[in-house]
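These notes are about the structure you will find just below.
For clarity, every value in this text was computed on a predicted model and none was experimentally measured.
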Amino acid sequence: LNYDQTFGKHNIKGLAGWHTEKYNYKELTAYRKDFPNNDLTDINAGDAASQTNSGYTRELAMLSWFARVNYDYAGKNLFEANIRADASSRFAEGHRWGYFPSFSGAWRISEESFMEGARSWLSNLKIRASWGMLGNQDALSDYYPALNTYNIGATYPFGGALNSGYYQSSYKLSTITWEKATTWGVGLDFGFLNNKINGSLDFYNRKTTGILMQVSVPTEFALNPYTDNVGSMNNKGVELNIGYNDRWGDFTFGTTLNLTTFNVNMTELTGDKDPLYGNGEKTKTIEGEEPAFFYGYVADGIFQNQTEVNRHTNNKGQFLQPNAQVGDIRFKDINGDGQLNADDRTKIGSPWAYMTMGLNLNLGYKNFDLVANFYASIGNDLVNQNIQELYNAAGSGGKVNKVSGLLDMAWHGEGTSNYVPRLSTQDHNENFTKFSSFYIEDGSYLRLKNLQLGYTFKKIPGVNKLRLYIAGQNLFTLTGY
């Protein structure tokens with residue numbers, strides 16, 4: 001339903017709507033083997049003694065109501081208000097509905113009469129402000145995350161015989177609900193010299209509450225990890241866009257640079273506020289740090305000689321790494337308690353970038369055009385899990401190929417390496433089984449995402465326009481990883 005009306009310099013638009021969607025999934029499979037030949041494809045042609053079958057169904061439903069109102073006065077003062085209500089079948093009754101309003105306003109200062117004298121060089125100047133909420137359920141891969149479900153196929157001993165039954169494999173919370181992100185921001189749009197130079201500057205602050213995340217459980221719990229609304233996260237930063245476009249005769253040039261900064265922080269953990277671990281305790285989430293930072297031991301170089309091994313002791317003269325040999329990794333005693341154990345694990349990296357950059361270039365000369373798109377991520381770390389096999393002589397019983405040049409890369413004498421430990425079929429020092437900063441690498445990169453060269457034919461009888469082009473994607477990536 002739409003509404004559009006003008007009263008003098010006042011313009012009002014309205015919209016209201018309803019949306020529903022239903023997703024049904026049904027699967028039925030049948031299996032037989034030992035067909036007489038490849039020409040017989042009917043399932044009945046296979047050996048009946050080998051037959052198996054399976055099947056299941058899943059359902060999802062979503063119901064939404066939404067409305068929007070736009071108002072502007074003479075194209076200078078702008079206001080917009082939105083409201084939407086969403087219900088998802090993934091949540092239990094009493095928790096299905098989420099309500100998400102948003103508001104924004106802008107003032108086009110460049111259209112005011114007192115800016116008349118600046119219009120020869122100032123094409124656009126607008127300030128903006130906004131506040132809004134969004135709901136998210138994308139973290140849920142389960143169709144029924146709030147409903148206890150049961151698996152069949154279990155057997156239980158009763159009366160001296162095995163009896164068929166069913167079992168519960170996962171714990172579900174009926175109280176989970178929408179993850180909500182509340183964002184406010186202020187911004188400035190500008191343009192100069194008939195918008196040859198243009199851009200925007202924004203400050204944003206986004207707080208996400210009720211984060212949907214898997215909660216790890218102890219082995220004694222006997223069920224799989226469950227999903228819960230575990231806490232709040234804040235992300236704030238600055239986004240800058242600057243563009244330039246111009247033409248000189250047959251030559252055209254345009255470029256746009258985008259910079260976005262991030263500062264991500266877990267502001268609250270609900271419940272008992274215990275840390276959240278993931279990926280076999282290789283990541284950790286606590287209040288005051290980025291979510292899911294890398295968590296492990298600190299690798300402090302390689303023991304270069306026996307003297308260094310002998311000196312790595314506590315104040316009682318006891319070896320911190322009694323199984324270490326020359327060429328092994330030296331691990332730090334972070335808490336200084338004179339022991340090397342799980343309590344010495346700490347933050348060793350972050351998967352979060354502190355800045356991303358994008359650069360778009362457009363060049364044209366007569367009928368030729370060239371487009372290039374670059375993207376960069378700066379400050380994020382990665383786990384190089386390939387090290388576990390490709391650098392480890394003891395990995396997989398020595399039956400896996402290793403990285404080329406490993407004999408020279410690995411420590412093979414004093415001063416030869418302070419990163420890759422010695423090669424050995426026995427990892428008594430746990431160089432590779434301890435998750436440590438040895439596995440962490442700088443994941444920053446610069447990538448040419450798209451490159452396209454084209455030629456446009458403009459004078460072909462019966463054809464308004466014909467353009468031929470050649471394009472490539474992800475043609476190169478510059479990274480230390």
Salt bridge (Lys or Arg N to Asp or Glu O under 4.0 Å) involving Asp202 - partner list, sequence neighbours excluded = Arg128
remark   = By side-chain contact (heavy atoms from CB on, under 4.5 Å), Gln388 pairs with (sequence neighbours left out) Gln385, Asn392, Phe432, Tyr439
request  = Look at the aromatic rings of Tyr25 and Tyr56 and report parallel, tilted or perpendicular, splitting at 30° and 60°.
outcome  = tilted
inquiry  = Considering only residues two or more places apart or on different chains, which pairs with a residue in residues 38-52 satisfy salt bridge (Lys or Arg N to Asp or Glu O under 4.0 Å)?
reply    = none
note = Contacts of Glu430 meeting salt bridge (Lys or Arg N to Asp or Glu O under 4.0 Å) (sequence neighbours excluded), chain-then-number -> Lys434
message = Show every salt bridge (Lys or Arg N to Asp or Glu O under 4.0 Å) that has at least one partner inside residues 150-173, sequence neighbours left out.
response = Asp142-Lys172
note = In short, salt bridge (Lys or Arg N to Asp or Glu O under 4.0 Å) pairs touching residues 376-386 with sequence neighbours left out are none
message = Listing request: all side chain to side chain donor-acceptor pair (under 3.5 Å) pairs with a residue in residues 226-236, at least two apart in sequence or in separate chains.
response = Asn205-Asn234
By salt bridge (Lys or Arg N to Asp or Glu O under 4.0 Å) - contacts of Lys13 (at least two apart) = none
inquiry  = Just to verify, what does Phe158 make a ring pair (Phe, Tyr, Trp, His ring centres under 6.0 Å) with, not counting sequence neighbours?
reply    = none
request  = Sort and list the pairs that fulfil ring-ring contact (aromatic ring centres under 6.0 Å, His included) and have at least one residue in residues 449-480, not counting sequence neighbours.
outcome  = Phe368-Tyr455, Tyr455-Phe457
request  = Any pair with a residue in residues 83-95 that passes salt bridge (Lys or Arg N to Asp or Glu O under 4.0 Å), sequence neighbours left out, goes on the list, sorted by first then second residue, please.
outcome  = Arg84-Asp86
message = Using the salt bridge (Lys or Arg N to Asp or Glu O under 4.0 Å) criterion, which residues pair with Asp328? Sequence neighbours excluded.
response = Arg422
